[in-house]
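As structure tokens, the structure follows; a few thoughts come after it.
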Amino acid sequence: LFEPSSSAPNRLTVELGPRSYEIEVVSGLVREFGPFARRALERSWTGSSCRRALIVTDSNLADLSIPAPYQAALESVGIAAETAVVPPGEPSKSLAQVERLYDQLAARGADRHTLLVALGGGVVGDLAGFVAATFTRGLPLIMVPTSLLAQVDSSVGGKVGINHRSAKNLIGAFYQPLGVWIDTESLVTLPDREFRAGLAEVVKYGVIAIEPFFSFLEQNAGTILARSPQALEKVIFGSCGIKAHVVARDEREEGDLRATLNFGHTIAHAIETVAGYDGPFRHGEAVAIGMVAESRLAERLGWITSDVTDRLVRLLEGFGLPVKAPGLDLPSLKHAMSRDKKNRLGKIRFVLPRWIGQVELTDSPGEDDVQAILETL
Ligand SMILES: NC(=O)c1ccc[n+]([C@@H]2O[C@H](COP(=O)([O-])OP(=O)(O)OC[C@H]3O[C@@H](n4cnc5c(N)ncnc54)[C@H](O)[C@@H]3O)[C@@H](O)[C@H]2O)c1
Ligand SMILES: [Zn+2]
């Protein structure tokens with residue numbers, strides 16, 4: 001389904017009418033970023049007017065000198081770029097950092113023709129995206145995701161935002177970028193644990209949408225873990241293809257389709273809430289545990305047999321991901337789940353597998369089912 005077309009082998013389009021944009025997946029082609037950005041801008045209402053850019057990144061990436069070639073690539077197409085560096089990690093998704101970036105944009109006299117480039121993981125993407133959505137009511141935005149999670153998930157789909165002290169991602173907007181530029185080479189420096197956490201979301205796409213994609217992951221786990229550029233291109237292309245397909249049909253999560261991206265996440269979010277967002281689990285690790293638990297829940301409903309879950313467990317374990325989270329307080333987990341955004345009329349809704357390649361949003365699990373599953377965590 002999401003095999004590259006021969007005319008544009010590295011390119012995918014997120015079909016959103018006037019807000020459509022391209023995702024380009026490359027390996028080691030940072031110089032091509034300039035022409036990509038120029039084309040993306042020219043397709044937008046800004047036309048050829050952009051002369052300046054602010055690249056937002058975090059200090060881990062700045063320390064690795066990752067922004068410099070992107071800055072040079074922009075200069076090569078006549079865009080003078082400066083770089084703003086935020087501290088790494090979740091606390092940077094804050095109003096304080098938003099304000100700092102507004103200050104920097106204002107000090108440089110930025111206007112609606114100033115390009116914002118989000119160069120980094122999901123934290124930078126969500127933060128810079130929110131700034132782009134709001135400064136002068138909308139700056140042109142290009143995503144350059146550098147973590148696997150950001151490359152396969154957060155950079156595509158237009159959800160941008162920051163955290164509030166009472167909840168994660170509470171403040172935000174839907175704001176689509178003009179383009180997403182993904183270079184597998186940036187993953188060379190990504191810490192192993194971050195890489196594996198990103199793979200959990202990749203596995204999720206196989207379960208929710210395409211069995212052959214899941215099989216591809218099973219058959220190529222070794223080359224994927226070795227970060228072979230060819231394997232990574234396939235993994236990223238497939239994942240972005242599925243996400244783009246879903247987002248194009250339910251951009252603002254108004255129907256049930258976009259919610260299917262939440263397979264594993266009802267329980268994952270509860271685990272993260274109870275264990276703490278800076279706690280023992282990266283988001284992807286919580287998703288791995290959540291997918292297994294939710295797959296067991298589907299077994300209890302008679303939707304699948306245990307061999308489906310076993311297959312999922314094998315793949316996740318092969319990627320070095322946890323599949324259990326013992327010792328968490330059950331009442332707290334249940335309380336956290338009762339506040340899930342997907343819930344309707346007081347019932348917890350889950351996205352559960354019908355088979356590998358198909359999921360369904362459902363509120364059929366009873367309290368006893370949920371209790372039983374949480375006991376196996
Ligand atoms: N907008 C969405 O649709 C969406 C979807 C999923 C997740 N998110 C958000 O994404 C965030 C998590 O993203 P993340 O996992 O990328 O976290 P992150 O941005 O904190 O990146 C993880 C770590 O990897 C480092 N890093 C990133 N790229 C690197 C590279 N190439 N080399 C070396 N180090 C690198 C970062 O500095 C950081 O320390 C969360 O805030 C989550 O809410 C958003
Ligand atoms: Zn996720």
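Ligands are counted one by one from 1 in listed order, and the atoms in each one are counted from 1 as well. When a residue number appears, it is its place in the shown sequence, counting from 1.
Closer than 2.8 Å to the Zn ion (ligand 2) sit the protein N, O or S atoms Glu201 OE2, His265 NE2, His283 NE2.
Heavy-atom contacts from other residues, nucleotides or ligands closer than 6.0 Å to CD of Glu375 number more than 12.
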Next item on the list: Dump the intermediate steps for side chain to side chain contact (heavy atoms under 4.5 Å, CB included) on His269 and His283, then the final yes or no.
Entry: CA-CA 8 Å; His269 288 147; His283 173 67; 4.1 Å; yes

Check: Checking side chain to side chain contact (heavy atoms under 4.5 Å, CB included) for the pair Arg11/Phe36: CA distance, chi angles, key distance, verdict?
Finding: CA-CA 11 Å; Arg11 218 170 287 163; Phe36 172 83; 5.8 Å; no

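Using modelled atom types and a 3.5 Å distance limit, the side chains of Ser295 and Glu299 yield no donor-acceptor pair. When only modelled atom types and interatomic distance are considered, Glu82 and Gln104 share no side-chain donor-acceptor pair under 3.5 Å. Looking at Ser186 and Thr146, their side chains never bring a donor and an acceptor atom within 3.5 Å of each other. Side-chain contact, Tyr70 with Thr83: no donor N or O sits under 3.5 Å from an acceptor N or O.
Lys243 places no side-chain N or O within 3.5 Å of a backbone atom of Val152 that could act as its donor or acceptor partner.
Within the 4.5 Å cutoff, side-chain heavy atoms of Ser338 are placed close to those of His335.
Protein residues having at least one heavy atom under 4.0 Å from any atom of ligand 1 are Asp58, Asn60, Leu61, Leu64, Glu90, Lys93, Gly121, Gly122, Val123, Asp126, Thr146, Ser147, Leu149, Asp153, Ser154, Lys159, Lys168, Asn169, Ser186, Thr189, Leu190, Pro191, Glu194, Lys243, Arg282, listed by chain and number.
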